[in-house]
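To start, the structure under review is shown below, and the notes come after it.
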Amino acid sequence: MKQIQIAIDGPASSGKSTVAKIIARDFGYTYLDTGAMYRAVTYLALQNGLGLEDIDSILMLLEAHPISFGRDEEGEQLVFVGDVDVTHAIRENDVTNAVSAVAAQEMIRERLVALQRSIAEQGGIVMDGRDIGTVVLPTAELKIFLVASVQERAERRYKENLQKGIETDLATLEKEIAERDYKDSHRAVSPLKPAEDAIHFDTTGVDIPAVVDFISKKAKKILDKSAET
Ligand code: DC
């Protein structure tokens, strides 16, 4: 059976990774969270006391401690740099607030995009990020661009944090999300923007199963069509 590439792009907390994970599981495809890769590089830089502009040193560190993925007993994705499990560390505030600066660096993007494409070569893939439909997989059969209001995304992040036992201020979260949106969509290299052939979907007020259903139906349609020919 033919397998396709599904690119899901959109701003922070638009629900990309939650729905991408479910769709990958349902279709038996690989799931790749590209944001986790930019976070892992940022973690490496911070952990080693490197300046975020010290690209040569960051790239050397990355060479010595490559990013890889694994799974825990429940099947949840784990992220490693070298052999260190950084799954939780890369979600901490220090990484979250520094990652946009690292993700704006062309050399770092080149390195990570090459890795993302090589993972996609292995077969069916659901990849989420900011530039998947535009740069990483421009020939993906299905491209989705998810958006949601800043308020709703801040509330989602607030609830996620509460579940992790972290109390955050909602207004601060809104401000941070708006700042990250601005940086991600105004950077010179691969800014956050929809591919021309992406399908836009506003998830404000829409629950996760409905978003999954929308994307899955589009994917099935493409697969059915290719089975006919
Ligand atoms: O989706 P996220 O919040 O985990 O992404 C972390 C950061 O990485 C975010 O600031 C945008 C950046 N990013 C990117 O520039 N390109 C991608 N393909 C994925 C994420």
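This is a predicted model, so every value here is computed, not measured. These values consider heavy atoms only, across backbone and side chains, with no hydrogens, waters or symmetry-generated copies. Both ligands and their constituent atoms are indexed starting at 1 by order of listing.
The closest approach between any non-hydrogen atom of Gln116 and ligand 1 is not below 4.0 Å. By the 4.0 Å heavy-atom criterion, Gln105 is excluded from the residues contacting ligand 1. Distances from ligand 1 to the non-hydrogen atoms of Met37 include no value under 4.0 Å.
In Glu179, neither the side chain nor the backbone holds a heavy atom less than 4.0 Å from any atom of ligand 1. At a 4.0 Å heavy-atom cut-off, ligand 1 does not touch Met127 at all. Under 4.0 angstrom from ligand 1, the non-hydrogen atoms of Arg109 all belong to its side chain.
Taking the six-membered ring where the residue is Trp, the centroids of Phe80 and Phe69 are separated by 6.0 Å or more.
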| Could you go step by step and tell me if Ile8 and Val126 meet the side chain to side chain contact (heavy atoms under 4.5 Å, CB included) rule? | CA-CA 7 Å; Ile8 305 183; Val126 185; 3.9 Å; yes
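Asp131 pairs with exactly one of Arg109, Lys193, Gln116 by the side-chain hydrogen bond (donor to acceptor under 3.5 Å, both in side chains) rule, that one being Arg109.
The protein heavy-atom contact nearest to atom 18 (N) of ligand 1 is Asp131 OD1, 2.8 Å. For atom 4 (O) of ligand 1, the closest non-hydrogen atom of the protein is Arg39 NE, 2.7 Å.
Taking distance alone, with nitrogen or oxygen atoms compared against 3.5 Å, Arg180 approaches ligand 1 more closely than that limit. Residue Thr34 places at least one N or O, backbone or side chain, under 3.5 Å from an N or O of ligand 1. Inclusion of Arg130 in the set of residues having an N or O under 3.5 Å from an N or O of ligand 1 is warranted. In terms of polar-atom proximity, Arg157 is not counted as a contact of ligand 1, lacking any N or O under 3.5 Å from an N or O of the ligand.
In Lys164, the NZ atom is crowded: over 12 heavy atoms of neighbouring residues, nucleotides or ligands sit closer than 6.0 Å. In the displayed structure, Asp197 atom CG is contacted under 6.0 Å by more than 12 heavy atoms of other residues, nucleotides or ligands.
Remark: the backbone N or O of Asp33 is not paired with any side-chain donor or acceptor of Asp128 at under 3.5 angstrom. Side-chain atoms of Ser185 do not come within 3.5 Å of backbone N or O of Leu192 as any donor-acceptor pair. Formation of a donor-acceptor pair under 3.5 Å by the Glu141 side chain with backbone atoms of Gln5 is found in this model.
Of all the atoms in ligand 1, the ones that sit under 4.0 Å from a non-hydrogen atom of Arg91 are 4 (O). Distances below 4.0 Å separate heavy atoms of Tyr38 from the following atoms of ligand 1: 8 (O), 13 (N), 14 (C), 16 (N), 17 (C), 18 (N), 19 (C), 20 (C). Below 4.0 Å from some heavy atom of Ala103 lie the following atoms of ligand 1, by number and element: 12 (C), 15 (O).
Using bins of under 30°, 30° to 60° and over 60° for the plane-to-plane angle, the ring pair Tyr182/His186 lands in the parallel bin.
Summarising the contacts of atom 11 (C) of ligand 1 with Leu32, Val189, Asp184, the nearest heavy atom is found in Asp184.
The two atoms that bring Ala198 and Phe145 nearest to each other are CB-CB, 4.2 Å, heavy atoms only.
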